[in-house]
Amino acid sequence: MTARRLTFAALIGLSFAGLATLMTLTLSPGGYTALDIFILVCFMITLPWTIIGFWNAVIGLLIMRLSRNPADAVCPIEHGDPTQPLRSSTALLSCVRNEDTESLETNLNAIVSHLIRAGEADRFTLYVLSDTNMDDVALQEQQMTSRLKDRFEGQMEVVYRRRTDNRGFKAGNIEDFCERWGDRHEFALVLDADSYMSADAIVGLVRRMEANPRLGILQSLVVGLPTDSAFARVFQFGMRLGMRSYTIGSAWWQGDCGPYWGHNAILRIKPFKESCRLPELPGKGPLSGTILSHDQVEAVLMRRAGYEVRVLPLETGSYEANPPHLLEFIRRDLRWCQGNLQYRRLIGLPGLKPVSRMQLMLAILMFLGSPAWLGFMTSAAILGMVTDYMPYRPDTGALLFFTVLTMVFAPKLATVADVLARPDLRKAFGGPIRVVVSVLAEIVYSAMLAPIMAVAHSLFMGGLLFGKTIGWGAQARGVQRLPVLLAARKLWPQTLFGLAGLAWLSTQPIDLVWPVIPVAIGPLLAAVIAVTTSTRTLGQIAIRSTLWRIPEETNPPAELADLHLPALTKGAVAVQQQGLVQGDANPAKA
């Protein structure tokens, strides 16, 4: 593992040096002004995540193509004996706050029912851990829990607890569970309100924890549920493609210092209770007090305690629902932004592993890259307008542009290469033609979305300097049409940025600037994109088009039947109409 990490560090260092050198050469005409230096600095701040994503994708693709079992290659732990019954007790923790109880009950009912059918329900207890501060929602939660208790009486214990004070937010919610009931169980499986896991996935995680006593956290690979939200459908298709190569590649060098994403993961309760209590950050302001992004901090504390933290990169049985519209997506990202920036106070914690410190630093850079990217783009445009000569070398500039573009999209392209090389995956994703068309459309979509998010991150971080905070509120889950005025009011800065970008583009030769057109068009149309992609109508059209199809739509797993997802009902009709049936021997026909 040390050799892997040194190799990876060398690849990152050489790539960083090479790209920084290319940018230095590109800016060389006319010498180096203060604006040139600023552009170079901003560019270098954006590089770490781009380079890491690229090399994770390259390594992940090599492992996917060359290894018989990529998951075992990067997560070398014992699986446990599937012929033996479970011997441990596991708590299922459903952490909720002001959630829609109808969809929550559907998910929990399906999870428990499938565990009963698997014959393992007696080894689990379901805890509904509520931080709800709305009395009417709390009453619905109590009624829901009563129904679950009656339904599963004698088969699985169901416990409901509501905190009147949500101190510590979700981390405090789980900490309260550990204090009250932690001694009753060996493990805890953490679920969000939109989480769903199959019995096979849950039991598989427990067996691995039983077979590996030094394993503290085991994170499953979470994929998006089939959705009738147009916004989430395109987004999660791109995430699905980028996730596998990226996660396998990162697990290759992270190893036992892996990630924890806060849900759809199993914890060993005793060391978690003893070693993973989060500190309160001293001082005043939004970056003090309770840590919002608790998960990665808990992961590095678990690793400091001597226990392994690993991710199991298998796309089976572990699901979540992605934000249904752009405004909720931004709101979730801003909460992560505030939480990640708090890590600057934790990097120096004594006893952390070097990889753990680097993970905390990279989590900060993930969001600092947004204002750096905006600074780079606007300064580069200004430089071109204030000089009476060509300020960039066209040869190194073109090489740099296409190199960075390739590196940005490498995780998706790597997984696409693996999908196209495997007949089973080609069919699962709808056939090679549909895959390629979907990928090209998603790349344009993500290129338009990226500057929208960058503007949101940058403005929010500026607001943090003046005490602005986001807190932890209820999340929007279902498909709902956004009001036009709300979208316009929330996204006017992006619209203004897009107008400025379009004005600049109109002064430039189209043959030179065409690749960056989405950077202006996306923000300019931010409000329009937010409203249209939030409508159920566009979601239904997207389903019927069979573009951005995920394997669960082509061949729906039996484990999803009890969720009654509209996307699967409508998708099944589209599959039949398009000829994408399981017995189709010619996937290219799709």
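As the structure is a computational prediction, the values presented were derived from the model and not from experiment.
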Evaluate the side-chain proximity of Arg244 to Asp418: yes if any heavy-atom separation is below 4.5 Å, no if none is.
yes
If we only count heavy atoms from C-beta on, is the Phe152 to Ser113 side-chain gap below 4.5 Å?
yes
Rounded to the nearest 0.5 Å, what's the gap from CE on Met197 to OG1 on Thr316? Could you check?
9.0 Å
Can you find a heavy atom in the side chain of Leu560 that is under 4.5 Å from one in the side chain of Tyr196?
yes
Kindly determine whether Leu86 and Arg207 satisfy side chain to side chain contact (heavy atoms under 4.5 Å, CB included), including the steps that lead there.
CA-CA 7 Å; Leu86 298 178; Arg207 290 194 191 283; 3.6 Å; yes
Ile52 and Tyr246: CA distance, side-chain angles, deciding distance, side chain to side chain contact (heavy atoms under 4.5 Å, CB included) verdict
CA-CA 9 Å; Ile52 288 172; Tyr246 186 98; 4.2 Å; yes
Short question: side chain of Arg240, backbone of Val223 - any donor-acceptor pair under 3.5 Å?
no
Exercise: identify the closest heavy-atom pair between His294 and Gly262:
CE1-CA, 4.3 Å
Verify whether one side chain among Glu141 and Thr132 offers a donor that lies under 3.5 Å from an acceptor in the other.
yes
Are the side chains of Pro48 and Met361 in contact, using a 4.5 Å heavy-atom criterion?
no
Tell me whether the count of non-hydrogen atoms from other residues, nucleotides or ligands lying under 6.0 Å of CD in Glu153 goes above 12.
no
Close side-chain approach of Leu221 to Leu314, heavy-atom, < 4.5 Å
no
Count the heavy atoms of every other residue, nucleotide or ligand shown that sit under 6.0 Å from NZ of Lys273, and state whether that count exceeds 12.
yes
More than 12 heavy atoms from other groups under 6.0 Å of CZ on Arg167
no
Thr469 side chain to Gln338 side chain, donor-acceptor N/O pair below 3.5 angstrom:
yes
Looking at Asn322 and Ala232, would you say the former's side chain and the latter's main chain have a donor-acceptor pair under 3.5 Å?
no
Under a 3.5 Å distance rule, please check whether Arg4 uses its side chain to pair with a backbone N or O of Trp252 as donor and acceptor.
yes
Pairing donors with acceptors under 3.5 angstrom, does anything connect the side chains of His79 and Asp72?
yes
If we only count heavy atoms from C-beta on, is the Leu205 to Phe187 side-chain gap below 4.5 Å?
no
How long is the span from the CH2 atom in Trp261 to the CD atom in Gln296, to the nearest 0.5 Å?
10.0 Å
d(Ile217 CD1, Met302 CE) to nearest 0.5 Å is 4.5 Å
Measure from the side-chain N and O atoms of Glu553 to the backbone N and O of Phe429, and report whether any donor-acceptor pair falls under 3.5 Å.
no
With a cut-off of 6.0 Å (strictly less than), are more than 12 heavy atoms of other residues, nucleotides or ligands near CE of Met64?
yes
Tested for side-chain contact (heavy atoms from CB on, under 4.5 Å) against Leu93, the lone hit among Ile174, Val128, Leu191 is Ile174
Donor-acceptor pair, distance only, cut-off 3.5 Å: does the side chain of Glu186 make one with the backbone of Ser89?
yes
Classify the ring geometry between His457 and Phe367 as parallel (under 30°), tilted (30 to 60°) or perpendicular (over 60°).
perpendicular
Taking Arg123 for its side chain and Thr90 for its backbone only, find out whether a donor-acceptor pair lies under 3.5 Å.
no
What is the minimum heavy-atom distance between Thr247 and Pro313, and which atoms define it?
CG2-CB, 4.1 Å
List the steps, then state whether salt bridge (Lys or Arg N to Asp or Glu O under 4.0 Å) holds for Arg117 with Asp562.
CA-CA 13 Å; Arg117 291 175 204 163; Asp562 291 344; 3.4 Å; yes
Closest non-hydrogen atoms of Asp228 and Ala567, given as atom of the first, atom of the second and distance, are N-CB, 3.9 Å
Salt bridge (charged side-chain N to carboxylate O under 4.0 Å, His left out): which pairs involve residues 208-222, sequence neighbours left out?
Arg87-Glu210
Does any non-hydrogen side-chain atom of Ser198 lie less than 4.5 Å from one of His114?
no
State, without any angle test, whether Asn166 and Asn173 hold a side-chain donor-acceptor pair at a distance under 3.5 Å.
no
Side chain to side chain contact (heavy atoms under 4.5 Å, CB included) between Val206 and Phe124: does it pass, once the steps are laid out?
CA-CA 10 Å; Val206 176; Phe124 295 87; 4.0 Å; yes
Is it true that a side-chain atom of Ser130 and a backbone atom of Arg162 form a donor plus acceptor pair closer than 3.5 Å?
no
Assess the side chains of Asn264 and Ser220: does a donor N or O sit below 3.5 Å from an acceptor N or O?
no
Distance (rounded to the nearest 0.5 Å) between Leu334 CG and Met461 CE
9.0 Å
Apply side chain to side chain contact (heavy atoms under 4.5 Å, CB included) to residues Tyr160 and Met144 and explain how you reach the verdict.
CA-CA 10 Å; Tyr160 175 77; Met144 174 201 72; 5.9 Å; no
For Pro350, does its backbone N or O pair with a side-chain atom of Arg304 as donor and acceptor, under 3.5 Å?
yes
State whether the number of non-hydrogen atoms from other residues, nucleotides or ligands found under 6.0 Å of Glu274 atom CD is greater than 12.
yes
Lys/Arg-Asp/Glu bridge criterion (N-O < 4.0 Å) met for Lys170, Asp295
no
For the atom pair CD (Gln140) and CD (Glu99), what is the distance rounded to the nearest 0.5 Å?
12.0 Å
Check Ile550 against Gly224 and note the closest heavy-atom contact, atom names and distance.
CD1-O, 3.7 Å
Do side-chain atoms of Thr415 reach the backbone of Lys412 as a donor and acceptor pair under 3.5 angstrom?
no
Reported CZ-to-CZ distance for the pair Arg161 and Phe177, which is rounded to 0.5 angstrom:
9.5 Å
Looking only at side-chain N and O atoms, does Ser458 offer a donor or acceptor that is under 3.5 Å from a partner on Ser370?
no
Less than 4.5 Å apart, side chain to side chain, heavy atoms only: is that true for Phe169 and Asp131?
no
Please give me the minimum heavy-atom distance between Leu346 and Leu352, naming the atom from each residue.
O-CD1, 3.7 Å
Give the minimum heavy-atom separation between Ser67 and Ala73, together with the two atoms involved.
OG-CB, 3.7 Å
Is the backbone N or O of Ile347 less than 3.5 Å from a side-chain atom of Arg357, with the two atoms forming a donor-acceptor pair by type?
yes
